[in-house]
Protein chains: 4
Amino acid sequence: MSRRLIAHLAHVEILTPKPEESLAFYKDIIGLEETSRQGQSVYLRGWGEWHHHSLQLTEADQTGVGHIGWRTWSPEDLTTAVARVDERGAGEGWFEDSVGHGPAYRFKPPAGQTHELFWESEDYVPPAGMQSPFPDRPQRYVPRGAAPRMIDHITVMSKDPVGDAEWMRDTLGSTFTEYTMLHEDSDLVVFAMSTNNEKSHDLGLILDQSDVPGRLHHFAWWVDSRDELLRAADVLMNADVDIEFGPGRHGMGEQEYMYFREPGGVRVEINTGGYRNYVPDWETRRWVPSQGSNTMYRNVAMPDSMMEAFPPAEPALDHHEEAANPWSAASVH
Amino acid sequence: MSRRLIAHLAHVEILTPKPEESLAFYKDIIGLEETSRQGQSVYLRGWGEWHHHSLQLTEADQTGVGHIGWRTWSPEDLTTAVARVDERGAGEGWFEDSVGHGPAYRFKPPAGQTHELFWESEDYVPPAGMQSPFPDRPQRYVPRGAAPRMIDHITVMSKDPVGDAEWMRDTLGSTFTEYTMLHEDSDLVVFAMSTNNEKSHDLGLILDQSDVPGRLHHFAWWVDSRDELLRAADVLMNADVDIEFGPGRHGMGEQEYMYFREPGGVRVEINTGGYRNYVPDWETRRWVPSQGSNTMYRNVAMPDSMMEAFPPAEPALDHHEEAANPWSAASVH
Amino acid sequence: MSRRLIAHLAHVEILTPKPEESLAFYKDIIGLEETSRQGQSVYLRGWGEWHHHSLQLTEADQTGVGHIGWRTWSPEDLTTAVARVDERGAGEGWFEDSVGHGPAYRFKPPAGQTHELFWESEDYVPPAGMQSPFPDRPQRYVPRGAAPRMIDHITVMSKDPVGDAEWMRDTLGSTFTEYTMLHEDSDLVVFAMSTNNEKSHDLGLILDQSDVPGRLHHFAWWVDSRDELLRAADVLMNADVDIEFGPGRHGMGEQEYMYFREPGGVRVEINTGGYRNYVPDWETRRWVPSQGSNTMYRNVAMPDSMMEAFPPAEPALDHHEEAANPWSAASVH
Amino acid sequence: MSRRLIAHLAHVEILTPKPEESLAFYKDIIGLEETSRQGQSVYLRGWGEWHHHSLQLTEADQTGVGHIGWRTWSPEDLTTAVARVDERGAGEGWFEDSVGHGPAYRFKPPAGQTHELFWESEDYVPPAGMQSPFPDRPQRYVPRGAAPRMIDHITVMSKDPVGDAEWMRDTLGSTFTEYTMLHEDSDLVVFAMSTNNEKSHDLGLILDQSDVPGRLHHFAWWVDSRDELLRAADVLMNADVDIEFGPGRHGMGEQEYMYFREPGGVRVEINTGGYRNYVPDWETRRWVPSQGSNTMYRNVAMPDSMMEAFPPAEPALDHHEEAANPWSAASVH
C-alpha cells in the first residue's frame, strides 16, 4: 500500500468556446467568486475555498479539459511524485508560469488528459469588505445561485478505467475505491473511482469507446446538504437551465448528484453527501448496475446524452457505443 | 510539516458505573449496533462503520475514558509512530489482547489520557440477514433512535491544550487546526482542536483547571445532515433525555452540535456538518469568543454544567474555576 | 365560490389480500402506530395525528380502496354536506357502526369510490408511557422506519378527472387547484387535483381508461422534510422494497414524492413539501407535461407500471391504454 | 364553534424611522421582491406570494405596526365579519385608498393594533422575464439572501393575550390554539396563539406590562425547510446582523425560529416547520415553560432584549417588567 502523495484536487482548467456566456453562468447561476483574469483565462473559486482558484475557465475552439491540478501533501511529496511519474514515462516537464500557484510538473496518465502537480500555492485574499467574520473561513458567505462551497471532483474518459485507477494508486498513492461492470455478466468495467481523501472519489474514470484521447465527462461542485442541492435544482429550472440527470443518489459512494450543461457545452455536476471513508487498506469494491451503482434507487434510467464527452467524438456515437450506457431505460429494474 | 501517521480515530473506551443502563441507551436511543461482549466490556459501532467497533463500553467504578484507539495509515507508520512516541518518553508498551484489532502500543501524552496505536484491524461481519444490498456499506441501514453513521471525535481535558495539540502534531503528524482564548484580552487558551483528516478535529482539548489528570469531556457521533441532528433532538426529548447544550452551531469548525448525558454520566455529542479542510500547510487559527468560537450565532450562553468533566473533580468546582467558562451568559454578545 | 364544508381527509380504508404482511409493512417499514383491531380490520395512524386512526387496513380478496373518510368542519356542515350530496343523487345512507368516529354518511361521486362524511370523532389515547411530553402532540415521538407524521392525500381513478374535481368543488366546497393535459396538443386531462386546505390536494384524480369503476391509484403519508423523505428512501432500499418512482419533485403542487408498493399490492406514497396556498379564489391552473406537471425537473420518465390501479383492470392494459402515460420515456424533454 | 371568516394574513404595515436602510435590508438580506412605491410606503412580498404585497414598509417617526391586513374567505364573509366587528364596537370604518387591494374595513381589537378586513385583492404581476416557468408559481425563483417564500405571522403585545385570542375566535372564527403561563404556579398567561389555518398561529399575543397600547413584538417570514433557516442564519451572520434569539425550536407549534432586528429597529423572524393542524374542534392547549413552550429543548434562555416591543415603552422597563420574561436564564431547566 503506497502512501498518498496528493493532498487534494486543487483546480481544473475548463475549455469553452463561449467564454462570456460560460463566465456569466459560473458566476451568476452556479455562484462562483472571480479571483482574477489573465490572457484567455478567468480564475474562479467556491466561497469556502482557501486558495486562489479551483476553476480556470479558458477560451478555446472546442470544449474539454485543459488540465487538472493536484496539490501534493508537502514539497517532499512533490519531489517523490515527480520521480514516480517520470519512472512511468508520463512526465511532460515543469510549467513555470501558472497563475495562483508555483511551478507545476505536468504529466499525462494513460487516459490522456493533462495533469499537473505542484506544492507552492497562493492563498485567496478577499477584497475589501469581504473579509470573513469567522477566522476559519476565507471570505464572507454572500450566496448567489447554487453557491457551492468548493470543487469536489472531476470525471474523465478512459480506454481502461481500472488501469487508470491502478495507475493513480501505484504512482501517486491514490485509493482505488470502487468500480462497476457494464452489466451482470459482463467483464467490461464502465466506471472506476479514485480518491485522495475521505470521499469516494476526486477522480472518476468512465469507459471511452471512441478513439479521442483525453476527454472530459464532467466536473463537480460541492454544496453542504441535500437540501441545498434541491434548492440548486430549483435555481437551475428557474434560470431555464435543463437538468440533464438528477437530482438523485448514486449507489457508488452514496453521493447525491445533479448534472447539467454550462453554455459552452461542458457537463457540470452539483453534488453532496456520500460516505466518509478513512480506511487505509480499503478493498476496492465491485458493483453491477443491478446493485444500484448509478442510481441507489435502481429505478431511473440515465439518459443516453450522459454518454457524451468533451470534446465530442466525431462522427457521432453509433449504435454500438450507445450500448455502453449501462444505465439506460432498458436496464432499469 | 510532519507527515500524518494516523488514519483515523478508531475507537474509544468509555467507563460507566451503570453498564446496563448505558448499554440500553447506546443501543436504543443513540442507535448503535452491538458487535460482541467480553469481560466487563460491550463492543458497539455506528451502522456505517466498517470495523469491529468504535465504542468499547466498560463497567467501572466511575465515569471516564479507558483509552483512545488510533489506527495508523500503514504498518510502517505504526513502527514510525511507536518510535516517535518512545522518543518523547510517552510510551507504555504493547497491549496484545485487544478485541477487534491486533497489537496496540499504548502511550500517554501530557494531557494524561491513555491512547493506543495499532494497524491490524478486524472487519465488522454483519449477522445473517443484515448484509448490505450495497457493496460499499458494511451492513443494512435499519435505523433506531438517532442512528449515527459513525464516531466523529473525542474531546479531553488538558492542563495545556496548545501544548497537547502541538504534541500530537510534532509526534504523530496531526494538524493543529484552531484554538480559542478565554476572552478578548486573555492569554489563556481554553480549547484547541487537532485532526488527522478533513474534519476540524478528531481530538479536542479543553483547559482543565482541576488537578485530576486524564479526564474526558465528551465524545461525538456523526449523523449525515443537520436535519437528522434536529430529528435526533426530537428523539432525545421524547425519551426524556435532557439536552445539555444545543442543537446549535460552533463557529470553530462550523459543526452543528448537540450535547447530552448517557445514564452512566458521560457527556455524549451528536454532530454533523463542518468544513472539509484539505490544506496540508493549514495555518492554525486563533479565535476569541466574541468571534463565535463556541456558538457561531454568538447569542447562546453555554451552561456551566458543560464545564464538568469525567471523572468529576473533587471537591466540586469553586467559583474561580467556573470563571473558566468562556461562553457563560455574561460573555454573550 | 362555495364555502368549504370538509375539514380534512380523516382516513382511508385500504383492502389487502395479504393482511399479515401488509400490517407488518405499515408498522415496521412505514412506521405507523396501531390503535385497535376489529373484525377484518386493523386501525393505524401516524405519530402526529390526534384522532383514532387514519388508515383502516382491511382483509379482502383483492386490492383497492374500501372507503374514503372526510371529517366536516362542524356538525352543521355535515348536515349541509349530506343535503348537497343527496341533491346530486350520490347519497348511499348513514353508516352507524364505524370504529373511531360517529355516524357517517356514505356517498359515491361519479368516479365511483365510496366516500363518507362524519363529524363526531374519537381522539387517540396513547397507551401508558406514550403520553407526549409536549401538550400539543398526541403521543411520544419514537420513530420506526419512515415514521410519517400524518396521512396526506389519496389519489383515485376517474373517467373524468375534471368532472370529478368540479363535483367536489360544487358539492362540498373543495378547491379545484390544478390539472394537466395528456400532451401539448391534447384536450385529454389525465390528472386533476382537489383540496380542502392549504395543500395542493388531498384528493387526486387520474384518468381511468379501463371500465372498472372506483379504483385506487395510491395514497400518501407526509414526512416533515425533504431530508426525511430521502432517509425514508434509504430505509425502503434496505428493507428490499423497490421504489417504483422517485424520490423526485412534482411540478404540480411542488411536492416531493416517492412511490412504492405494500405487500398486498397497493401503491403507497411518502411525500413532503409543496406550496401553502391560502387563496380563496384560486384560479384553477392548467399544465402540459412539458411544463413539468409530473416532474418539476422534466427529465425523468414515469414508469408504465405507475399506470396500474387497484383492483387491476382485466384483461391487462392494451397498447392503447399505455399511451395514456403522459410521462413515459418517450415524452421526456 | 364559529366558522372561520378569514382566509389568511394578507399583509402587515411596518413603520420605520430609517426607510432607506430598512428597504435595503428587506430586499438584499431578507430577499423580498419590491412591487411598487407610493407616498411614504414601499410594497414588498416573498417570491412565492400570489398577491400584490405582504409587507407595506412605511416611513414614520418611530417603529411599530401601522396596520394588519386580513383577507376574508369570500365577499359574503367580509360582510359578516364587518357586522361582527361592529357589534363588538371595534369598527373604525372603511378605508378606500389602499394600494394592491379593494376597500378595507378597519377595526381595533382590545389589544389596540389597527387591523383591516378586505376581499378584493390585486394579483402580483411579474415584470418581463420574471414570469414563472411553472403555472402554479407567481414568478421565477431567483433567490437573494434568506429568500423566504411568504409571510407567516405577526405577533403583537396585549394586556390580555387570552382575551384577545378569544376575541378573534368569537368575532372572526379564528382558532385559539395554545397559550403558556408565566411559570408553573402562575395564573398569568404571557403568550397566546390564534390561527386561521393549519399553522399554530398567524397572530401571536404577548403580555404587555407597559401602558403603551397597540405595540408590535415581531412579524415572521416563512422558508421552506429547517436547512434553509440555518442557511439564512449564515447569511445574517455574514451580513453583520446580530441574531437576537435562535435558531431554535419552539415547543408551542413546533416551529423553528430565528429572531433579529431590521435597521429601523423592528424585530423580524424567519421561521419554518411546525405541525399541520386540521382539527376543527381543537381544544386550546395550556403550557407551562418547563414543558418547553418557548424552547422545545428546554435549555436555552431567551434574552431579556426579546421583551422589547415597538414602539418601546418609556421610561425603560423596570425590574418588575423584566420578571415577565418567563424564559430567562434563571428559569431554564
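Chain identifiers are assigned alphabetically (A, B, ...) following the order of the sequence lines, protein sequences preceding nucleic acid strands; residue numbering begins at 1 within each chain.
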[X] portion near chain A, given a 4.5 angstrom heavy-atom threshold:
| X | result |
| --- | --- |
| B:Glu178 | side chain |
| B:Arg286 | backbone |
| B:Met296 | both |
| B:Ser121 | neither |
| B:Glu254 | both |

[options]: which one forms the most heavy-atom pairs within less than 4.5 Å of chain A?
| options | answer |
| --- | --- |
| B:Glu49, B:Gln291, B:Met150 | B:Gln291 |
| B:His51, B:Arg226, B:Lys199 | B:Lys199 |
| B:Asp136, B:Thr72, B:Thr177 | B:Asp136 |

Next item on the list: List for me each residue that meets ring pair (Phe, Tyr, Trp, His ring centres under 6.0 Å) alongside B:His52, sequence neighbours excluded, and say none if there are none.
Entry: B:Tyr43

Notebook entry, point to check: With B:His201, which residues qualify under ring pair (Phe, Tyr, Trp, His ring centres under 6.0 Å), at least two apart?
Noted result: B:His153

Notebook entry, point to check: Side chains of A:Thr80 and A:Asp77: is there a donor and an acceptor less than 3.5 Å apart?
Noted result: no

Check: Side chain of A:Glu228, backbone of A:Ser225: donor and acceptor closer than 3.5 Å?
Finding: no

Next item on the list: Report the relative orientation of the aromatic rings in A:Trp282 and B:Trp50; use parallel for angles under 30°, tilted for 30 to 60°, perpendicular for over 60°.
Entry: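 A:Trp282 vs B:Trp50 ring planes: perpendicular.
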
Between [X] and chain B, which part of the residue has a heavy atom less than 4.5 Å away: side chain, backbone, both or neither?
| X | result |
| --- | --- |
| A:Glu283 | neither |
| A:Ser200 | neither |
| A:Asn197 | side chain |
| A:Asp227 | neither |

Checklist line | cation_pi(B:Arg140, B:Trp47) dist<6.0 Å, angle<=45 | finding: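 No, B:Arg140 does not lie over the aromatic ring of B:Trp47.
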
Item checked: Partner of A:Tyr278 by side chain to side chain donor-acceptor pair (under 3.5 Å), out of B:Glu198, B:His8, B:Arg71 ->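 Option passing the side chain to side chain donor-acceptor pair (under 3.5 Å) with A:Tyr278: B:Glu198.
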
Next item on the list: Kindly say whether the aromatic ring centers of B:Phe118 and B:His11 come within a distance under 6.0 Å.
Entry: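 Yes, the ring of B:Phe118 comes within the 6.0 Å limit of the ring of B:His11, centre to centre.
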
